[in-house]
Amino acid sequence: MEIEKSYNPKEAEETHYERWEKNGCFAPEINENPDAVPFSIVIPPPNVTGSLHMGHALQHTIMDVLARWKRMQGFKTLWLPGTDHAGISTQLQVTKKLLKEEKKTRWDLGREEFTNRVWDWKKQYGGEITRQIRREGASVDWSRERFTMDKSLSKAVREVFCTLYEQGWIYRGKRIVNWCPKDKTVLSDLEVKEETRKDGKLVYLQYPIRNSTRKLTVATTRPETMLGDSAVAVNPKDERYADLIGEMIVLPLTNREIPIVADEYVDAEFGTGAVKITPAHDPNDYELGLRHNLPQIVVMNDDATMNLAAGSEFNGLDRYVAREKVIEKFDELGLLEKIDEYEISLPCCERCKTVLEPILSEQWFVKMDEMRDFALDLMKAENSPRFSPEVPHTKVYTNWLENLKDWTISRQLWWGHQIPAWYDDLGNVFVARTFEEAKANAQNINLTQDEDVLDTWFSSGLWAFSTFGWNGEVIETDDLNDFCPTDVLVTGRDIIFLWVSRMVMMTKKFVDKKPFKDVIITGTVLDKNGQRMSKTKGNGVDPLDVFEKYGVDATRLTLAGSSTGADFRWRDENVEQNRNFANKIWNATRFCLLNSEGAKVDHSSLLLDDSASIADKWIISRLNKTAINVNKELGKYQFHTAVNLLYHFFWDDFCDWYIELVKDEMSSSVWSDETGQMEPVAISEQQIKARTRILTILEIALRMLHPFMPFLTEELWLKLPNTSSKLHHEAYKNASQTIMLTSFPLGDLSAIDEKAEAEMQAVIELISKVRNIRAEMSIKPSERLSLHVSADGDLQKVFADNEARILKIARASNLNLSETLNAPKASAKAALSRGAELAIPLEGLIDFDKERTRLENQVAKLEVEGSRLSGQLSNEGFVAKAPPEKVVELRERLIEIETQTNALNLNLEALN
RNA sequence: AGCCGAUUAGCUCAACUUGGCAGAGCGUCUGUUUUACACGCAGAAAGUUAAAGGUUCAAAUCCUUUAUCGGCUACCA
């Protein structure tokens, strides 16, 4: 068989995904077992016009590992893909393009034409992200792909909105909201990002009091809002101002008279202790205004310019221009007391970074009281959802819920689900599932629909059930029964509130289920300097570049191998390591295939009889132990531990030791000293047995690696002799052959052989000591050594049984076993476990000083450990209180150390 | 301001849930072209686990305090 010398990922990545998808391997229907237990995940829908970043790659890798692992265990597995219409961000992209290419705004086109343009854009670019998800190897069921603005999902949105409205859980009202003057829409609290500015100013303005020469000084960071002031407030206990309560201020620049009121909200210690109150432009002032029945004067337009209510002088001025002008005017009037430098944090738009304006506005809200209780009760009663890692997310989630305010759900955008509310000429509102229904309710055909659309997260909140067909009219589907609640949600911490919590509430409310059992919160992928990756900083690493350079499998393994839930810095070197690992797997397979004539994958070959060698028992024991532990770790979502186990099993145990140990027995050619080259030999029964065994072990190892490295393992598995759908899990017997439908090795406890592992450990120790002596004594690799080993009878037998292998790997010519060490003075020596000793005669090669130093170093090392142990053992407290088996263990270890030290000291004496 | 997380080899990180010999990869040094792989093989060096205190027979691990870095939430006249 022709097989390349190193792994080239391209070809495998190009062919296998297409085949899997075409053969329906990703759909739950591939499972032929009617009683199969479902396993499901819904993808957190990426923005439809977005592109893949490292965070996606990380989350998708974890979801795919889980999906493939469960699928291979025979679960009826569904990983459902889809995309989100992403209201603001998609609309912004199209708006930008429109401005750039046609110099037009959305209002130039009008609502219908504009939304058509967005649909066109979606058609053009929406495929990008799904192509990228395919590139990752994600085993999602494309036949169930969903989009938040699909017909059925939109219907679900209307149904939910109307139901909540009918039950009084959704209301329309005037509130202070976060207004983005650039995007011209309201935002929810969660879409606001605080930004600290060091160059802020605190401006002290003097307000004259009516019929008095006294003035009251107020401090503000937003002087222009004084044009909308409707009171000044002081603390009722503040003696300085006690006599002024009830008096009137003559508000400069406006000719308005406003009262001085007393309210506990005011902190007498801060600033001047007097606060200007602008109910229409500040949330606290709004609340205070309600308590004191103050007028709400809106002085700004939706683009943050001042309006007529601010006075004709200010009308049309930008807020910042107006700010300067107000300061100027106060200065002219002699009413500007001072301006202090002040560090301030400003609310900014998450997307466009514009400073937001708190403004009084009529919007739609979801009342969160009962919603919050759904989520809180589930957490308190059932610890649901179960977060992983549990600390700190459970606590953060709970705290947030406890302080939850109502949710602003209307957005002044055109791209999204238009609010199903209609108004008649008198402003009466009719909320209905359809226009017809609204007309019927209103008994009036002259209705206009609310201009606003719903927050994107309103529809994402339904994702856990709307994707399974629920839309209010259809309320029961097979998928909903089978796959909701989903088993696990994998996502980043930034959307625990935005999305996770809302899915919990909405799913409980509308289908009376949990959306998911577990939530895995992944860490953040940082750049190599520990900075968050971001577009503006330009420090992002594009997963597609990494795929291109190192292969998808190496990238996946790197992501899965990162510590679960912890942030980590991205370093290409880590992927390089895994690229090397992929190549190692490739070459190990290559070796097995080059020596596979007459052999095939055969699982019965692993049922060992008495003729099996220690190495065989050992590797099979290691294989099963690895399988058991990998399953255990995956069950705990400890992906990095599972990766580590697989990495070391494959590289250290399988490649470095097992292949090396059995190489000779498999090879169809042997080195001939006569001809000085490799000579072919006839293949024996014994060889075929060895070859079959190693192929089978390899096949099992590939299965365990498959969820992490799907392309490489499929490529290699198909090359192994005798792989076919016969090796599939029982649930997939009729599917065409692929490793992804074989059964995941669970490991067999009875195949674990501690005795063989200990014996093998002795062999490994012996070989390692020989290598160590060779390296430290600078003995040429070509030099054949003679080994003298003293050991007890049992150990002698182990070494004797492995003589050929030991000689081969240690590059030795003979192995002399005896009860007591029997070697010339001119030998390099080493102490082994269980009282065994090693001597290598080095007549003419030995440097006695060097050997003395070497032995002394070893004695010193043992002494450090020995003195620590004897210290511990002579501590009465330890002996009395530590678990007895621990004490025994240390005692045995100490004896071992003493034995070895004695042997080494004798050797040292002999050198003198 | 409050809450949370992090600090371990030169670098990037494990081990902490459940206290019991602190490991890996990269890098470094030495040797090696041995018939799968130099993206390899073999060997080696490298640690006061941020600091201080406490609990314990025993602490990287549990508790307290401090320092530095990061995150989240809130307020900000």
Interatomic distance where CG belongs to A:Asn403 and P belongs to B:rU73 [whole Å]: 12 Å

Value in whole Å for how far the C1' atom of B:rA36 lies from CG of A:Asn8: 17 Å

Whether over 12 other heavy atoms sit under 6.0 Å from A:Arg386 CZ: no

Atom pair distance, as rounded to whole Å: CG in A:Leu401 and P in B:rU73: 13 Å

Base B:rC37 to side chain A:Arg590, donor-acceptor N/O within 3.5 Å cut-off: no

Phosphate OP1/OP2 of B:rC4: any A:Lys395 side-chain N/O under 4.0 Å: yes

Interatomic distance at C1', B:rA45 relative to B:rC26, whole Å: 16 Å

A:Lys663/A:Glu660 salt bridge by N-O under 4.0 Å criterion: yes

Strand RNA chain B as a dot-bracket string - pairs counted if Watson-Crick or G-U with both distances under 3.5 Å, | where the partner lies in another strand: (((((((..((((......[..)))).(((((.......))))).....(((((..]....))))))))))))....

Sorted by number, the residues of residues 634-644 of chain A with heavy-atom contact under 4.0 Å to RNA chain B: A:His640

Heavy atoms of other groups near A:Lys780 NZ, more than 12 under 6.0 Å: no

Touch class at under 4.0 angstrom, heavy-atom based, for A:Val879 against every strand present: nothing

Integer angstrom distance from the P of B:rG20 to that of B:rA59: 11 Å

